[in-house]
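Taking it in order: structure first as structure tokens, then the write-up.
Counting begins at 1 with the first residue of the sequence.
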Amino acid sequence: TGSDFQIQKALVKVTGEAGEHKLAVNMKYKEHGKYLVSLRSLTGIEAARFYIADDTILVNDRVNKKVYHGSTKYLTEKYGISAEYLPLIFGDLVIEKPESDYVNCSENESRIIEKSEDNDIIYTLNCSTGKVKYVTAKNAISGKGFNINFNKFAKGDNISYYRNIEIKDELKLNRHAAKRVTQHI
């Protein structure tokens with residue numbers, strides 16, 4: 001997210017208690033944290049469009065013909081991580097010190113722990129590519145958080161990226177695991 005980019009087509013699979021749903025996504029990113037995301041059915045019908053900036057979230061629900069608006073505080077309340085950490089989804093490091101202050105490679109991996117007043121983020125870097133391969137992000141106050149696993153590293157047109165990104169909502173996983181434990185007792 002150091003410069004503008006566009007993702008013309010990505011497949012997103014959402015798995016939950018209701019089963020698995022697949023959506024097509026395209027996204028435009030403008031430097032300094034402006035996102036425009038479009039979600040479509042696999043047949044091409046647009047379901048929703050999102051605009052996210054420093055302090056604003058706008059959602060155009062094309063199915064129900066409604067527009068929702070709010071602040072980026074919603075992301076913090078719902079997922080425990082503020083909008084400034086959205087670049088984590090693309091494998092970016094969101095750290096205060098220079099990367100060289102953190103990197104200490106052992107067996108081609110390095111762990112970086114970034115703690116702030118509200119958030120704890122643990123990165124696992126691949127030292128040969130210099131890219132993040134795993135991230136755990138948690139809000140220190142609410143305990144909400146998620147894990148991101150990056151696979152299929154690719155390079156092209158002066159940019160390196162991952163072709164496969166898996167995000168797991170840890171709060172939902174923990175609730176689901178608690179339900180299974182209760183059912184087996």
Over all atoms of both residues, closest heavy-atom pair of [X] and [Y]:
X	Y	value
Tyr123	Val94	OH-N, 2.8 Å
Leu93	Val132	CD2-CG2, 3.6 Å
Lys34	Ala53	CG-CB, 4.3 Å
Phe150	Leu88	CZ-O, 3.2 Å

With sequence neighbours excluded, residues passing side-chain contact (heavy atoms from CB on, under 4.5 Å) with [X]:
X	answer
Asn151	Asn149, Asn164
Lys115	Ile113, Asp120
Ala154	Tyr161, Arg163
Leu58	Tyr51, Thr56, His69

Transitively linked via ILVMFWY side-chain contacts under 4.5 Å: Val12 with Leu36? no

Verify same cluster id: Ile7, Val25 (apolar side-chain graph, 4.5 Å): yes

With sequence neighbours left out, write down each residue that passes side-chain hydrogen bond (donor to acceptor under 3.5 Å, both in side chains) with [X], or none if nothing qualifies.
X	answer
Ser3	none
Ser41	Thr43
Thr72	none
Asn26	none

Nearest-0.5 Å distance, [atom1] of residue [X] to [atom2] of residue [Y]:
X	Y	atom1	atom2	value
Met27	Leu39	CE	CG	11.5 Å
Ile165	Ile148	CD1	CD1	8.0 Å
Ile57	Phe50	CD1	CZ	9.5 Å
Lys28	Gln6	NZ	CD	5.0 Å

Please evaluate residues Ile89 and Ile167 with respect to the criterion side-chain contact (heavy atoms from CB on, under 4.5 Å), reporting the C-alpha separation (whole Å), side-chain torsions for both, the decisive distance (0.1 Å), and the verdict. CA-CA 8 Å; Ile89 295 170; Ile167 303 171; 4.1 Å; yes

Take Tyr29 and Phe90, measure what ring pair (Phe, Tyr, Trp, His ring centres under 6.0 Å) needs, and give me the verdict at the end. CA-CA 11 Å; Tyr29 174 80; Phe90 305 105; 7.1 Å; no

Which pairs count as salt bridge (charged side-chain N to carboxylate O under 4.0 Å, His left out) when at least one residue sits in residues 124-135, sequence neighbours excluded? Glu109-Lys133

Quick one: which residue pairs count as a salt bridge (charged side-chain N to carboxylate O under 4.0 Å, His left out) with a foot in residues 39-54, not counting sequence neighbours? Glu46-Arg49, Glu46-Arg62

Besides Leu11, the hydrophobic cluster formed by Ile, Leu, Val, Met, Phe, Trp and Tyr side chains linked at under 4.5 Å, directly or via other members, contains Leu42

Lys30: what forms a salt bridge (Lys or Arg N to Asp or Glu O under 4.0 Å) with it, not counting sequence neighbours? Asp4

Between the side chain of Asn126 and the main-chain N/O of Ser128, is any donor-acceptor distance below 3.5 Å? yes

Polar side chain donor-acceptor pair, Ser71 to Asp55, under 3.5 angstrom: no

Do Ile121 and Val135 have side chains that approach each other closer than 4.5 Å (heavy atoms only, starting at C-beta)? yes

